[in-house]
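Here the structure comes first, spelled out in structure tokens, and everything after it is commentary.
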Amino acid sequence: MSVINPKINNDNSTDNYVDHNYGLSVTNKHNKVQLNEMFVSIEGEGILAGTKTLFIRFSGCHLKCHWCDTKYSLSPTSGNSYTINEAKYLILQHLQPNIYKINFTGGEPLLQTRSLIALADFVKNELKIKTYLESSCFDWKRFELVLPYFDICKVEFKTSDSKVIEPKSYEDLLQNELSCLDISLNRSDKISFIKIVFTNSTTLNEVRDLLSRVFERPNISNLSGITLQPSYQFDSPSTKQILKIYDEVCSFYKDVRVIPQMHKLLGMS
């Protein structure tokens with residue numbers, strides 16, 4: 001299985017180093033991180049929707065789903081560049097009472113592997129706040145490196161109608177996502193759940209085939225839930241389509257929830 005190679009080059013990330021175990025860099029020579037934004041809001045997605053959360057949005061994503069609602073963060077130079085210490089201070093400035101977790105999102109945080117590890121380690125082991133990774137899981141090797149620093153892992157499976165990547169590489173993307181799920185489920189100390197964004201064009205056959213592969217995983221009993229997210233303002237599914245997708249997933253797993261982007265409905269960031 002190959003790794004989906006990023007098509008962007010962020011000099012502040014760790015894309016350019018060599019590690020004999022992974023073929024990835026383990027040194028952030030610039031000691032920098034590119035962040036698009038940081039803010040406190042209410043989690044609007046997934047099994048922890050409704051919790052007060054500090055969001056750290058990393059800059060840069062090479063996948064570019066057609067329904068992406070944060071296109072402003074796709075460029076690797078969006079936002080601002082910070083040293084790791086500056087970013088830690090920024091986190092401290094944004095802390096508020098009753099924050100349940102800190103969500104590392106994007107963009108695609110895995111593109112800045114070592115910077116992600118440095119900040120997640122600070123939050124988890126120094127601030128003692130739950131860490132949450134929101135990633136496309138495009139690269140299982142990077143995912144395995146960062147996993148020890150996260151308490152909650154969302155493994156997102158992209159359907160082909162997301163137009164996330166050229167068709168010839170789509171199977172590699174799915175294989176990486178499945179491998180990330182395996183790695184996360186192998187750690188019983190992690191909360192691992194699946195998210196699938198679907199549209200009116202998503203087919204039942206594709207959902208059925210995907211779930212068949214998911215439920216072949218050896219430690220699938222450690223799964224904490226599946227959330228289905230209807231696309232918002234891009235080929236939005238009808239009520240009929242939502243019910244059909246829900247029923248299909250329920251044939252594999254009963255603890256499934258359809259959760260729209262509640263922060264959009266509430267008019268929050």
Side-chain angles (χ1 to χ4, degrees), residues 4 36-37 41-50 53 55 57-58 60-75 78 103-110 132-138 153-167 169-171 173-174 176-178 180-181 193-214 225-253 255-269:
I4 304 295
N36 183 275
E37 59 182 345
S41 188
I42 297 297
E43 178 69 60
E45 304 175 4
I47 62 174
L48 295 172
T53 301
F55 292 84
R57 189 177 306 284
F58 282 61
C61 183
H62 60 298
L63 294 180
K64 301 179 175 67
C65 302
H66 82 103
W67 37 251
C68 177
D69 63 347
T70 55
K71 286 183 167 60
Y72 57 86
S73 68
L74 295 180
S75 169
S78 64
N103 183 330
F104 293 80
T105 185
E108 173 47 68
L110 287 184
Y132 176 113
L133 177 62
E134 187 162 6
S135 166
S136 65
C137 296
F138 75 95
C153 297
K154 179 213 72 178
V155 178
E156 182 170 341
F157 286 94
K158 307 286 189 181
T159 56
S160 60
D161 56 284
S162 67
K163 302 178 183 178
V164 67
I165 202 163
E166 62 271 17
S169 299
Y170 182 67
E171 179 59 27
L173 176 62
L174 284 182
N176 275 278
E177 291 166 345
L178 288 166
C180 289
L181 180 63
F193 74 97
I194 290 170
K195 171 184 158 185
I196 303 172
V197 178
F198 67 100
T199 71
N200 208 50
S201 302
T202 305
T203 68
L204 290 181
N205 283 340
E206 181 171 5
V207 172
R208 186 179 304 118
D209 291 345
L210 170 61
L211 271 294
S212 295
R213 297 170 72 174
V214 164
I226 296 178
T227 64
L228 302 174
Q229 183 175 302
S231 61
Y232 181 75
Q233 294 183 337
F234 293 92
D235 194 19
S236 298
S238 64
T239 299
K240 181 179 179 181
Q241 172 76 339
I242 292 172
L243 292 174
K244 285 166 60 178
I245 297 292
Y246 179 91
D247 289 342
E248 187 60 49
V249 177
C250 275
S251 67
F252 290 88
Y253 186 79
D255 191 14
V256 59
R257 301 289 186 273
V258 174
I259 302 179
Q261 292 178 293
M262 293 197 304
H263 54 292
K264 301 288 186 183
L265 302 177
L266 294 171
M268 304 179 74
S269 298

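The analysis underlying the following values was restricted to heavy atoms, covering all of them including side chains, and did not include hydrogens, waters or symmetry mates.
With rounding to the nearest 0.5 angstrom, the OG1 atom of Thr203 is 8.0 Å from the CG atom of Asp209. Interatomic distance, CZ of Phe138 versus SG of Cys61, reported as 8.0 Å (0.5 Å rounding). Atom CD of Glu45 and atom OG1 of Thr105 lie 8.0 Å apart (nearest 0.5 Å). Note that CZ of Phe198 is 5.5 Å distant from CG of Leu228, once rounded to the nearest 0.5 Å. A distance of 11.5 Å separates CD of Gln229 from CD1 of Ile196, quoted to the nearest 0.5 Å. Taking OG of Ser160 as the start and CD of Glu171 as the end, the distance is 11.5 Å to the nearest 0.5 Å.
Under a 3.5 Å cut-off, the side chain of Glu108 and the backbone N or O of Ser136 do form a donor-acceptor pair. With hydrogens and angles ignored, the 3.5 Å screen pairs no side-chain donor or acceptor of Tyr253 with any backbone N or O of Ile226.
There is a side-chain donor-acceptor pair under 3.5 Å between Thr159 and Asp161. Looking at Asn200 and Gln241, their side chains never bring a donor and an acceptor atom within 3.5 Å of each other.
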**Report entry** Step-by-step side-chain contact (heavy atoms from CB on, under 4.5 Å) determination, Leu211 to Glu248
**Finding:** CA-CA 9 Å; Leu211 271 294; Glu248 187 60 49; over 6 Å; no
Query raised in the report: Going through the distances and angles, do Thr227 and Val256 end up as a side-chain contact (heavy atoms from CB on, under 4.5 Å)?
Result: CA-CA 6 Å; Thr227 64; Val256 59; over 6 Å; no
Query raised in the report: Are Phe193 and Leu48 close enough, and set up right, to give a side-chain contact (heavy atoms from CB on, under 4.5 Å), and what steps lead you there?
Result: CA-CA 10 Å; Phe193 74 97; Leu48 295 172; 5.8 Å; no
Query - side-chain contact (heavy atoms from CB on, under 4.5 Å) between Leu110 and Phe58, worked out - result: CA-CA 9 Å; Leu110 287 184; Phe58 282 61; over 6 Å; no
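Of all the heavy atoms in Ser73 and Gly107, the pair that sits closest is OG-N, 3.0 Å. Contact between Tyr170 and Glu206 at its shortest, heavy atoms only, is OH-OE2, 3.2 Å.
Checked against salt bridge (Lys or Arg N to Asp or Glu O under 4.0 Å), Glu156 has the following partners two or more places apart in sequence or in another chain: Lys154, Lys158, Lys195. Every side-chain hydrogen bond (donor to acceptor under 3.5 Å, both in side chains) that Asp235 has, sequence neighbours left out, goes to Thr199, Ser201.
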